[in-house]
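Let me begin by presenting the structure, written as structure tokens, before commenting on it.
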Amino acid sequence: MAKPVSIEVWNPNGKYRVVSTKSMPGTRWINLLVQQDCRVEICTEKKTILSVEDIIALIGTKCDGVIGQLTEDWGETLFSALSKAGGKAFSNMAVGYNNVDVEAATKYGVAVGNTPGVLTETTAELAASLSLAASRRIVEADGFMRAGLYDGWLPHLFVGNLLKGQTVGVIGAGRIGSAYARMMIEGFKMNLIYFDLYQATRLEKFVTAYGQFLKASGEEPVTWRRASSMDEVLQQADVISLHPILDKTTYHLINKERLSKMKKEAILINCSRGPVVDEEALVEHLKQNPMFRVGLDVFEDEPYMKPGLADMKNAIVVPHIASASKWTREGMATLAALNVLGKIKGYPTWSNPNQVEAFLDENSPPPAASPSIVNAKALGLPVSKL
């Protein structure tokens, strides 16, 4: 028998039982569930990552839906347990769902939700922050000051790279990649080279228009170019930010061979998925090229880093905080809760999961729809006409 798990309960007499495997930012998500007659149970265990056994204990014998986290292993075992408890809805509090076996969920009739449409600018901002921090060696300089090593200005002290006029490379010019590119181009007047299977027409138009504005102002115009291969971006860009999806084709996309193609003083940023980068190869490259710098928000074997990475002064490493703005995290919690609520109530799915402003407006009730159900088509769920 599974060991009991500590919980916090809201609206104990609610008709529908919804479980959250973690406490989540804000209270709007709780209030929205309670207003629709849900009993909300929030796990309060002092564990960063819950085991499958812990989650089975949370599900219990009657559960209508679960809000989970990307650190959890949602596969056959958990979806079977949720189905047996009468549950029909699960939502990741994340845009990604690599931790979810969607086929198993569909097999048991469980709708799988995620939370796109709310992370774009926040994630792009962190990628831009890491780019600037790496180029100007801010983290190294901060540690130097805190260690009491600064005894006066020196001409060679922490000399970094000027971004203006350099080339920013984007691999994966979707919503986040394009938002990052715009920030770097408009903020630092960088030129763009990007690689994507699809043409980023809106991004190209933006760069063209901004270039014309600069030229009219008597400044050097920025330029853009769509590369014919990813290697072309690696060879030519000064700062490269990775924004691909993670699948078999992008696993270890950045490996020893591709690192060797990059400039010796290039900067590599990854706020997408950890396994996109071969971390062991990266550590060796950082050792051999002290002026090559990297900013990482995600890691190959989270929460762990490959041996040696933490010792690299030319690496900035942060703990998966790309979505960690108050507005975004509270929005993610709201969307995840509404995914579960929508399925419980029999609502249709939202027609465009990347346009979720209506669900986040605190001054009006959310639409009667599930914001984003990834297996909606497989389950034959209707689409909202709103």
Side-chain angles (χ1 to χ4, degrees), residues 1-12 14-24 29-30 32-34 36-45 47-115 332-349 353 369-382:
M1 186 174 178
K3 181 182 176 182
V5 178
S6 60
I7 58 170
E8 171 188 337
V9 180
W10 294 69
N11 191 31
K15 179 180 178 180
Y16 309 103
R17 181 170 176 261
V18 175
V19 170
S20 177
T21 63
K22 281 281 184 294
S23 173
M24 299 189 297
W29 70 274
I30 299 172
L32 288 171
L33 290 170
V34 167
Q36 295 295 323
D37 203 16
C38 292
R39 171 190 168 102
V40 181
E41 296 186 12
I42 304 170
C43 178
T44 56
E45 285 286 308
K47 289 183 178 180
T48 302
I49 301 174
L50 295 181
S51 67
V52 169
E53 291 73 23
D54 291 330
I55 299 173
I56 288 174
L58 280 171
I59 291 170
T61 56
K62 183 192 179 300
C63 181
D64 294 285
V66 177
I67 303 168
Q69 304 296 321
L70 56 80
T71 52
E72 300 157 2
D73 182 15
W74 279 85
E76 180 94 14
T77 302
L78 288 181
F79 286 120
S80 173
L82 181 57
S83 178
K84 287 177 182 176
K88 295 294 182 183
F90 164 80
S91 185
N92 244 11
M93 183 196 159
V95 64
Y97 46 93
N98 298 100
N99 62 310
V100 180
D101 185 340
V102 179
E103 287 187 7
T106 304
K107 170 184 169 183
Y108 289 103
V110 177
V112 174
N114 68 334
T115 61
M332 291 167 71
T334 295
L335 294 173
L338 291 176
N339 280 330
V340 170
L341 179 65
K343 187 64 173 69
I344 289 172
K345 289 288 193 176
Y347 295 157
T349 59
S370 295
S372 178
I373 302 297
V374 300
N375 59 342
K377 188 174 181 180
L379 291 172
L381 301 180

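Both backbone and side-chain heavy atoms feed into the values below; hydrogens, waters and symmetry mates do not.
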Could you check whether any side-chain heavy atom of T115 comes within less than 4.5 Å of a side-chain heavy atom of N92, counting everything from C-beta outward?
no
With sequence neighbours left out, the residues meeting salt bridge (Lys or Arg N to Asp or Glu O under 4.0 Å) with K15 are none
What distance do E72 atom CD and M93 atom CE have between them, rounded to the nearest 0.5 Å?
11.5 Å
When rounded to the nearest 0.5 angstrom, what distance separates CD1 in I59 from CG in L78?
5.5 Å
How about T71 and N99: do any of their side-chain heavy atoms sit closer than 4.5 Å?
no
Mind checking salt bridge (Lys or Arg N to Asp or Glu O under 4.0 Å) for K62 and listing every partner two or more places apart, or none if nothing turns up?
D64
More than 12 heavy atoms of other residues, nucleotides or ligands under 6.0 Å from CD of E8: yes or no?
yes
Could you tell me the separation between the CG atom of L32 and the CG atom of L335, rounded to the nearest 0.5 Å?
10.5 Å
Determine whether V340 and V66 make a side-chain contact, defined as any pair of heavy atoms from C-beta on separated by less than 4.5 Å.
no
Contact check, side chains of Y16 and L33, non-hydrogen atoms, under 4.5 Å
no
Measure the CG-SG distance between L50 and C43 for me, rounded to the nearest 0.5 Å.
4.5 Å
One should read off an interatomic distance between N339 CG and I344 CD1, to the nearest 0.5 angstrom, of 11.0 Å
Return the set of residues passing salt bridge (Lys or Arg N to Asp or Glu O under 4.0 Å) with E45 (not counting sequence neighbours), or none when no residue passes.
none
Under the salt bridge (Lys or Arg N to Asp or Glu O under 4.0 Å) rule, collect the residues that match up with K377, sequence neighbours excluded.
none
Residue pairs, two or more places apart or on separate chains, that pass salt bridge (Lys or Arg N to Asp or Glu O under 4.0 Å) and touch residues 74-102:
E76-K107
Which ring pair (Phe, Tyr, Trp, His ring centres under 6.0 Å) pairs, counting each pair once, include a residue from residues 92-115, with sequence neighbours left out?
none
